[in-house]
Trainee: 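Please read through the structure below; I'll follow up with questions.
Whatever order the structure lists them in is the order used to number ligands and atoms, beginning at 1.
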Amino acid sequence: MSVARNLRRALVDGDRQILGTFVIVPRVEVVEAAAAGGFDLVVLDCEHGPFGVEALPPLIAAAHGAGIAAVVRVARNDEPNIGAALDAGADGVLVPHVSSRQEAEDVVRASRFQPHGERSVHLWVRASGYGLEESYVTTADDRTAVIAMIEGIEARERLPEILPTAGIDAFFVGPMDLAASLGLAHTPYAPEVIEAARDIVQRSAEAGKATAIFAPTPEHAALWLSAGVKLVVLSVDTQLIRTSFTAAVAAATCPAPDPNPVATP
Ligand code: 3PY
Ligand code: MG
């Protein structure tokens, strides 16, 4: 099953690894450029991006128009944020800072329709084709990826109770916040952080969940892809734009080679 057609199945049953990127600049052009660049999905980031759920419909439409999937990282673990993102047509939700069994169950309750959860029903939203999809309430859960973030030592300690939560498709490691909770916010690439992230990935896989992680650089993405992580979200639009700017300025201003070099004695 392709990522764009059914993200949940691609994540849970698919044999292909998935590469995405975070979007905090809420522009259709950024989403389309991410698709043109070859990413399989974008994560529209309402936790750290300067936008709310009202910005989502054109961004999700742009992703789908470009043939990729759109996941929304909600601002927080609550029913209004999760429900609005899914009603807007997101292929999945990424819920930050899930640190207990209760919080994991809250994610499921807000994301899944009855009988698996208590997601509030609205039949005429963007996600249901404005009412055209008659089976919407019974079929939506099958294609909706529900992904919980594990990004702190408290969550790591509680993994045995969190990981078996039914209705969560994947656990996503947040290495930046994980580093901060280990007292290593300024060295997020430290071996201790990588080791803790690797442990969470491994235990998620052993619990039968799809694995997912944020990779701040292409080198980290390659590391996690070669370790078999199913979904790797590489960098964020602002970082990719800024580093391209830096590289372009450096390339333009470094001394040009002398076209007529004169041998010096
Ligand atoms: C983290 O690494 O903490 C994240 O939330 C990734 O964006
Ligand atoms: Mg985080």
Trainee: Counting each atom of ligand 1 from 1 as listed, which ones have a heavy atom of Phe22 under 4.0 Å away?
Mentor: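 Counting from 1, the qualifying ligand atoms are 7 (O).
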Trainee: Side chain of Gln17, backbone of Val232: donor and acceptor closer than 3.5 Å?
Mentor: no
Trainee: Between Arg143 and Glu133, is there a side-chain N and carboxylate O pair less than 4.0 Å apart?
Mentor: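 Here Arg143 pairs with Glu133 in a salt bridge, since their nearest N and O are under 4.0 Å apart.
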Trainee: Which value, rounded to the nearest 0.5 Å, describes the distance between His64 atom NE2 and Arg5 atom CZ?
Mentor: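 If we round to the nearest 0.5 Å, His64:NE2 and Arg5:CZ are 12.5 Å apart.
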Trainee: Taking the Mg ion (ligand 2) as the center, what protein N, O or S atoms are found at less than 2.8 Å?
Mentor: Glu151 OE1, Asp177 OD2
Trainee: Scan side-chain atoms only and decide if Thr238 and Arg242 contain a donor-acceptor pair under the 3.5 Å cut-off.
Mentor: no
Trainee: Purely on distance, is any nitrogen or oxygen of Glu47 under 3.5 Å from one on ligand 1?
Mentor: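 No, there is no polar N/O contact under 3.5 Å.
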Trainee: Any nitrogen or oxygen of Pro175 lying under 3.5 Å from a nitrogen or oxygen in ligand 1? Just yes or no.
Mentor: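 Indeed, backbone or side chain, Pro175 has an N or O that close.
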Trainee: At a 4.0 Å threshold, what atoms of ligand 1 neighbour a non-hydrogen atom of Glu151?
Mentor: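 Checking each atom against Glu151, I get 1 (C), 3 (O), 4 (C), 5 (O).
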Trainee: Should Trp124 and Val137 be counted in the same cluster of Ile, Leu, Val, Met, Phe, Trp and Tyr side chains packed under 4.5 Å apart?
Mentor: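 Hydrophobic grouping puts Trp124 with Val137.
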Trainee: What atoms of ligand 1 come within less than 4.0 Å of a heavy atom belonging to Phe214?
Mentor: 2 (O), 6 (C)
Trainee: Quick one: which ligand 1 atoms are inside 4.0 Å of a heavy atom on Met149?
Mentor: 4 (C), 5 (O)
Trainee: Using the test side chain to side chain contact (heavy atoms under 4.5 Å, CB included), find all partners of Asp141 that sit at least two apart in sequence or belong to another chain.
Mentor: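 Scan of Asp141 (side chain to side chain contact (heavy atoms under 4.5 Å, CB included), adjacent residues dropped) gives Arg112, Phe113, His116.
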Trainee: Is it possible for you to say whether Leu163 and Val12 belong to one hydrophobic cluster, with membership spreading through side-chain heavy-atom contacts below 4.5 Å?
Mentor: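 Different clusters: Leu163 never reaches Val12 through Ile, Leu, Val, Met, Phe, Trp or Tyr contacts under 4.5 Å.
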Trainee: Output the list of atoms in ligand 1 that are nearer than 4.0 Å to some heavy atom of Arg73, sorted by atom number.
Mentor: 4 (C), 5 (O), 6 (C), 7 (O)
Trainee: If you measure every N/O of Met176 against every N/O of ligand 1, is any gap under 3.5 Å?
Mentor: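 Between Met176 and ligand 1 (N or O atoms, distance only) the closest approach is under 3.5 Å.
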Trainee: Measure the spacing between CD1 of Ile150 and CZ of Arg156 and express it to the nearest 0.5 Å.
Mentor: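 So the CD1 of Ile150 and the CZ of Arg156 are separated by 11.5 Å.
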